[in-house]
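FYI, side chains are in, hydrogens and waters are out, and symmetry mates aren't considered; it's all heavy atoms of this structure. We name chains A, B, ... by the order of the sequence lines, and we start the count at 1 in each one.
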Number of protein chains: 2
Amino acid sequence: MDIQLKRGLLDICVLAAIKDGDSYGYKIIRDMKPYIALSESTLYTILKRLEMADMLTVRTTEHDGRLRKYYHITKKGLQRIENFKREWNEILSIYRFVTKEDAKNG
Amino acid sequence: MDIQLKRGLLDICVLAAIKDGDSYGYKIIRDMKPYIALSESTLYTILKRLEMADMLTVRTTEHDGRLRKYYHITKKGLQRIENFKREWNEILSIYRFVTKEDAKNG
DNA sequence: TCACAATACCTCGTGTTACGATGTATTCCG
DNA sequence: CGGAATACATCGTAACACGAGGTATTGTGA
């Protein structure tokens with residue numbers, strides 16, 4: 001997918017990936033892969049950004065001797081998803097603008 | 001609209017705004033306004049970028065003593081729009097991922 | 001005539017951001 | 001013992017939207 005198009009969707013997707021249950025970095029990447037691919041460096045940047053914005057909270061645990069940071073979505077994070085749903089109508093309107101045939105011909 | 005979400009749509013919208021007939025900067029902004037707002041500095045950056053990418057050509061004319069630069073979409077520009085239409089399915093898939101209810105509940 | 005909006009173009013600096021490259025450390029498999 | 005997978009993190013870079021500011025002309029109203 002076009003990188004610029006991804007920009008607006010990545011944050012939302014990460015929030016969506018944890019909204020039905022806490023998750024951690026590596027798993028988030030795996031879960032998102034069928035829909036949108038992203039690198040580890042990108043994800044950890046996003047997770048830090050979302051944490052700073054109070055859209056998620058972090059809980060560090062140990063799993064099989066390896067560090068694991070579980071991310072939990074907050075009220076603000078859920079609101080961000082709701083806001084995206086509202087913006088979806090604008091996106092649809094743009095899609096129609098882009099795909100509409102020449103008014104002179106139809 | 002969220003600025004990151006705009007990023008992926010602006011280029012496409014500018015191309016869509018000239019695809020049915022050559023247009024110029026000021027008019028493009030007016031035509032796009034109902035769908036997506038953008039500043040002049042943003043538009044001229046985009047127009048230059050699209051010209052460099054051979055997605056449009058420029059023709060300078062004089063209109064009522066004022067300079068006017070008409071932009072014309074190229075084959076490559078039209079292909080960019082077609083590519084967006086193909087990417088639309090991916091966007092829909094992401095939308096469903098974001099809006100789907102918790103699998104455990106539905 | 002003077003001020004100001006509208007038309008129409010352009011440049012510069014800044015902050016945000018995705019990502020490749022790179023690094024650390026552990027477990028698992030052969 | 002080596003390499004893949006798991007799991008985290010930082011740094012530098014390039015792309016980009018936009019506000020602020022600039023140039024120049026044509027209306028418009030007091």
Side-chain angles (χ1 to χ4, degrees), chain A residues 1-15 17-18 22-33 35-53 55-72 80 87 90 94, chain B residues 1-15 17-18 22-33 35-53 55-71 80 84 87 90 94:
Chain A
M1 171 173 313
D2 173 65
I3 187 177
Q4 298 308 320
L5 212 44
K6 273 177 85 167
R7 280 177 110 97
L9 302 168
L10 280 175
D11 282 32
I12 296 294
C13 281
V14 170
L15 288 172
I18 63 169
D22 298 357
S23 189
Y24 56 96
Y26 227 72
K27 187 170 187 297
I28 292 170
I29 288 175
R30 275 202 307 266
D31 290 345
M32 284 176 61
K33 210 163 206 169
Y35 306 99
I36 193 165
L38 79 170
S39 67
E40 289 180 54
S41 56
T42 300
L43 178 66
Y44 290 112
T45 307
I46 292 170
L47 287 171
K48 194 162 282 179
R49 184 164 68 236
L50 292 175
E51 189 192 353
M52 298 291 265
M55 293 198 190
L56 49 77
T57 54
V58 194
R59 170 173 49 92
T60 304
T61 60
E62 207 188 297
H63 181 83
D64 287 340
R66 270 195 289 269
L67 182 72
R68 223 183 231 184
K69 291 175 85 172
Y70 276 91
Y71 297 91
H72 175 78
R80 178 88 163 78
E87 283 179 331
E90 290 178 56
I94 289 168
Chain B
M1 175 176 306
D2 174 65
I3 189 176
Q4 299 307 322
L5 211 45
K6 272 179 87 168
R7 278 177 111 98
L9 302 169
L10 279 175
D11 282 32
I12 297 295
C13 281
V14 170
L15 289 172
I18 63 170
D22 298 357
S23 189
Y24 56 96
Y26 227 70
K27 187 170 186 299
I28 293 170
I29 288 175
R30 276 203 305 266
D31 290 346
M32 285 175 60
K33 210 163 205 168
Y35 306 99
I36 192 166
L38 79 171
S39 67
E40 289 182 54
S41 58
T42 300
L43 178 65
Y44 291 111
T45 308
I46 291 171
L47 286 170
K48 194 161 282 176
R49 184 164 69 235
L50 292 175
E51 189 191 352
M52 298 291 267
M55 294 200 188
L56 48 79
T57 55
V58 193
R59 168 173 50 90
T60 303
T61 61
E62 205 188 299
H63 181 83
D64 287 340
R66 272 195 286 268
L67 182 74
R68 229 184 225 183
K69 292 177 85 171
Y70 275 92
Y71 296 91
R80 179 85 162 81
F84 172 74
E87 282 180 330
E90 290 178 58
I94 288 167

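- Between A/S23 and A/A17, the closest heavy-atom pair is CB-O, 4.4 Å.
- Within the nucleic acid shown, B/R7 comes within 4.0 Å of at least one base atom, counting heavy atoms only.
- Separation of atoms CD1 (A/I94) and CD1 (B/I12) is listed at 11.0 Å; rounding is to 0.5 Å.
- Look at CG on B/L5: it is 12 Å from P on D/dC18, rounded to the nearest Å.
- In this model, the phosphate group of D/dA7 is approached by a side-chain N or O of A/Y24 to a distance below 4.0 Å at OP1 or OP2.
- In this structure, B/K48 has no side chain to side chain contact (heavy atoms under 4.5 Å, CB included) partners at least two apart in sequence or on a different chain.
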Pair A/L5-B/E90, side-chain contact (heavy atoms from CB on, under 4.5 Å): steps then yes or no:
CA-CA 11 Å; A/L5 212 44; B/E90 290 178 58; over 6 Å; no
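- The phosphate of D/dT6 (OP1 or OP2) has no side-chain N or O of A/K27 nearer than 4.0 angstrom.
- To the nearest angstrom, P of D/dA17 lies 12 Å from CD1 of A/I3.
- Closest non-hydrogen pair, A/R59 versus A/D22, comes out as NH2-OD2, 3.2 Å.
- Nucleotides of DNA chain C that come within less than 4.0 Å of any heavy atom of chain A span, from the 5' end to the 3' end, C/dT16 to C/dT27.
- For the pair B/D11/B/M55, no side-chain contact is recorded, criterion being any heavy-atom separation below 4.5 Å from C-beta on.
- Phosphate proximity of D/dC18 to B/K6: present, with a side-chain N or O under 4.0 Å from OP1 or OP2.
- Taking the side chain as every heavy atom from C-beta outward, B/L9 and B/F84 approach each other to under 4.5 Å.
- For the pair B/Y44 OH and D/dG19 P, the interatomic distance rounds to 15 Å; values are reported in whole Å.
- Remark: B/T42 OG1 to B/R7 CZ distance equals 10.0 Å, nearest 0.5 Å.
- Remark on the helix from C/dT1-D/dA30 to C/dG30-D/dC1: inter-end axis angle 10°, axes from five-pair C1' superpositions, rounded to 10°.
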Heavy-atom contacts, protein to nucleotides 20-27 of chain D, under 4.0 Å, summarised as B (base), S (sugar-phosphate only) or - (none) per nt, yield B----BS-
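- When side chains are defined from C-beta on, A/I18 does not count as touching A/H72, because their heavy atoms never get closer than 4.5 Å.
- Here the side chains of B/Q4 and A/L10 are not in contact, with every heavy-atom distance at 4.5 Å or above.
- In this structure, A/R59 atom CZ and D/dC8 atom P are separated by 12 Å, rounded to whole Å.
- Here D/dC16 presents its C1' atom at 12 Å from CG of A/D2, a figure rounded to the nearest Å.
- Separation of atoms OG (A/S41) and CD1 (A/I46) is listed at 9.5 Å; rounding is to 0.5 Å.
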Dump the pairs, protein N or O against N or O of nucleotides 2-4 of chain D, anything under 3.5 Å, distances to one decimal.
none

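- For A/K69 and D/dA9, the shortest distance from a side-chain N or O to OP1 or OP2 is below 4.0 Å.
- The side chain of B/T45 approaches D/dC18 more closely than any other nucleotide in the set D/dT6, D/dC18, D/dA9.
- Between the CG atom of A/L38 and the C1' atom of D/dA7 there is a distance of 15 Å, rounded to whole Å.
- Remark: P of D/dT10 and CD1 of A/I46 are 15 Å apart, rounded to the nearest angstrom.
- Within the structure, a side-chain polar atom (N or O) of A/Q4 is placed less than 4.0 Å from OP1 or OP2 of D/dC16.
- The heavy-atom pair separating A/E87 from B/D2 by the smallest distance is OE2-N, 2.7 Å.
- For the residue pair A/M32 and A/C13, the shortest heavy atom distance occurs at CE-CB, 3.4 Å.
- Scored by the side chain to side chain contact (heavy atoms under 4.5 Å, CB included) test, B/R68 finds B/Y24, B/T61, B/H63, B/Y70 as partners (sequence neighbours excluded).
- B/Y71 pairs in a side-chain contact (heavy atoms from CB on, under 4.5 Å) with only one of the listed residues (B/L50, B/L47, B/T57, B/L15), which is B/L47.
- Where B/T42 and B/H63 meet DNA chain C, the nucleotide closest to each residue was compared, and B/H63 sits on the side nearer the 5' end.
- For A/D31 and D/dA7, the CG to P distance is 12 Å, given to the nearest whole Å.
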